Number of protein chains: 2
Amino acid sequence: MQFPSRLIEHAVEEISKLPGIGKKTALRLVLHLLKNDVAVSESLANSISRLRQEIQYCEQCHNIADGPQCTICANPRRQHQLICVVEDLPDVLAIENTGQYYGGYHVLGGIISPIDGVGPDELQIESLVNRVAKPDSEIEEVILALSPTMEGDTTAFYLTKKLHPYNVKISAIARGVPIGGELEYADEITLGNSILRRRNYENEH
Amino acid sequence: MQFPSRLIEHAVEEISKLPGIGKKTALRLVLHLLKNDVAVSESLANSISRLRQEIQYCEQCHNIADGPQCTICANPRRQHQLICVVEDLPDVLAIENTGQYYGGYHVLGGIISPIDGVGPDELQIESLVNRVAKPDSEIEEVILALSPTMEGDTTAFYLTKKLHPYNVKISAIARGVPIGGELEYADEITLGNSILRRRNYENEH
């Protein structure tokens, strides 16, 4: 594609570097920005620039934060006896959006994956152990909310071993047939697992 | 959706103002930017900011330009006896991408549409007439490349009347069944028109 302006060409190039945005979409966005006020572009450019430059990571849970502590760790109304261990930020957002969890988090920043060269030392595992091991720790339960994949299971196993010496309950999120899902379309591993790990119906109802 | 950081919230809000980008996509883009180097975000923000602030319009054809004259008007190898009249920038880009046209342009900046309150005075029509009327004008043909809609036809009719007193040929882009299109799926108006405006096959081959 040829552009009559280097400014447009450059903007299209930069925008189309974003995942899932091709040159045609980028051009559509550029034309939208050109049609609108300078203030619209400035506000967008400014928010992008500030985002990356000013973002910080919570010193305690390694979640993303605007200061040294994230809004979740700083919130006295959260149940800080609970820690939910997740792989990365999108998982925190997904769990927060359920509206079902009021504890704290610990963001590992990845998952143990020998194929990708990610070992335990690359992740925030030591800091998790330190949080649990602290003499004045109020943590009672660590919930492992890792993806049900081989890497997730490896990481969960490693964490369980590391946390075993300390006086905390270790739990993992439930796996089974998704709510609203049709039984006949569930894959056989999920369905088989959901039978093996069946729960006592009477106790729950 | 709740975000643990106001920076993220703000960036998601700004990005999701773009057409065709919702909050989920915006968040995906934000997470991508956070994962990458500061330089990536800076480069993107900078190109967006410069785009809108530094863009200019060609004094002659009102196409978008980096200076007072666009690269097409400034190019001595283009056939400046030809002017292609279009509604807006995307049309210039579409025609340029065909690689079939080597003349100049005139960008109206819109189309006559009484319903939207756009009259001839809002558009670059007077400047087109002036270009054609200039005593030293080298323009021989004005090609009307407007959309085949009622507004496009109204604008074409108005332009034809305005340009009639001057010694220029006025033509319009061909309408008919799109190349590669199936005859049976062409709409009846296009198909009917393509029969009425049939061309002499022998002369063209």
Side-chain angles (χ1 to χ4, degrees), chain A residues 1-8 10-15 17-21 25 27-56 58 61 63-67 70-73 88-90 92-93 96-97 99 105, chain B residues 1-8 10-15 17-21 25 27-56 58 61 63-67 70-73 88-90 92-93 96-97 99 105:
Chain A
M1 226 187 231
Q2 287 246 320
F3 299 104
S5 150
R6 301 214 59 190
L7 287 168
I8 293 188
H10 189 225
V12 166
E13 216 168 79
E14 286 295 328
I15 295 174
K17 279 183 195 163
L18 293 170
I21 296 191
T25 307
L27 178 61
R28 199 161 47 80
L29 300 181
V30 161
L31 294 174
H32 166 86
L33 290 174
L34 286 175
K35 248 197 234 164
N36 280 278
D37 257 17
V38 177
V40 173
S41 301
E42 280 309 292
S43 179
L44 174 64
N46 192 33
S47 71
I48 290 172
S49 173
R50 283 190 58 198
L51 170 73
R52 188 62 187 74
Q53 284 196 325
E54 295 179 22
I55 206 82
Q56 295 182 42
C58 176
C61 75
N63 185 11
I64 239 144
D66 294 341
C70 77
T71 51
I72 294 168
C73 285
D88 226 332
L89 181 63
V92 175
L93 295 175
E96 284 297 291
N97 281 321
Y105 288 93
Chain B
M1 226 185 230
Q2 288 244 320
F3 299 105
S5 149
R6 301 214 58 190
L7 287 168
I8 293 187
H10 189 223
V12 166
E13 215 169 80
E14 285 295 326
I15 294 174
K17 280 183 194 162
L18 293 170
I21 297 191
T25 307
L27 178 61
R28 199 162 46 79
L29 300 181
V30 161
L31 294 173
H32 166 86
L33 290 173
L34 285 175
K35 249 196 234 163
N36 280 279
D37 257 18
V38 178
V40 173
S41 301
E42 280 308 293
S43 180
L44 174 64
N46 191 33
S47 71
I48 289 172
S49 173
R50 281 191 58 197
L51 170 72
R52 189 60 187 75
Q53 284 196 327
E54 295 179 21
I55 206 80
Q56 295 181 42
C58 175
C61 76
N63 186 10
I64 238 143
D66 293 342
C70 77
T71 51
I72 294 169
C73 284
D88 226 332
L89 180 63
V92 174
L93 297 174
E96 282 299 289
N97 281 322
Y105 288 93

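Values below: every heavy atom of this structure, side chains too, minus hydrogens, waters and symmetry copies. What you see is a predicted model, and the numbers here were worked out from it, not measured in a lab. Chain A is the first sequence line, chain B the second, and so forth, proteins listed ahead of strands; every chain is numbered from 1.
Between B:P19 and A:L29 the shortest heavy-atom distance is O-CD2, 3.6 Å. Of all heavy-atom pairs between A:S43 and B:E14, the closest is OG-OE2, 2.8 Å. Nearest heavy-atom pair, B:S47 versus A:A11, reported as atom, atom and distance to 0.1 Å: OG-CA, 3.9 Å. Taking all atoms of both residues into account, the shortest heavy-atom contact from B:D66 to A:S5 is OD1-OG, 2.6 Å.
Among the candidates A:V30, A:V92, A:I72, the residue making the largest number of heavy-atom pairs closer than 4.5 Å to chain B is A:V30. The candidate with the highest count of non-hydrogen atom pairs below 4.5 Å against chain B, out of A:V38, A:D88, A:N63, A:T71, is A:V38. Ranked by heavy-atom pairs under 4.5 Å with chain B, the first of A:Q53, A:E96, A:H10 is A:Q53. Looking only at heavy-atom pairs under 4.5 Å with chain A, the residue among B:R6, B:Q56, B:K17, B:E13 that has the most is B:R6. Of the listed residues (B:I64, B:V40, B:L34), the one with the most heavy-atom contacts under 4.5 Å to chain A is B:L34.
For A:V12, no part lies under 4.5 angstrom from a heavy atom of chain B. For A:L89, the part lying near chain B is the side chain, with the backbone staying farther off; criterion is any non-hydrogen pair under 4.5 Å. With a threshold of 4.5 angstrom between heavy atoms, A:L44 approaches chain B through its backbone and through its side chain. Of the atoms belonging to A:N46, not a single heavy atom falls under 4.5 Å from chain B.
Using a 4.5 Å heavy-atom cutoff, the side chains of B:I55 and A:I8 are in contact. Residues B:L31 and A:P90 meet the side-chain proximity criterion, which asks for heavy atoms closer than 4.5 Å. Put simply, the side chain of A:I21 does not reach to within 4.5 Å of the side chain of B:T25, judged on heavy atoms.
Rounding to the nearest 0.5 Å places CG of B:L51 at 6.5 Å from CG of A:L33.
Screening residues 35-56 of chain B for salt bridge (Lys or Arg N to Asp or Glu O under 4.0 Å), with sequence neighbours left out, gives B:R50-B:E54.
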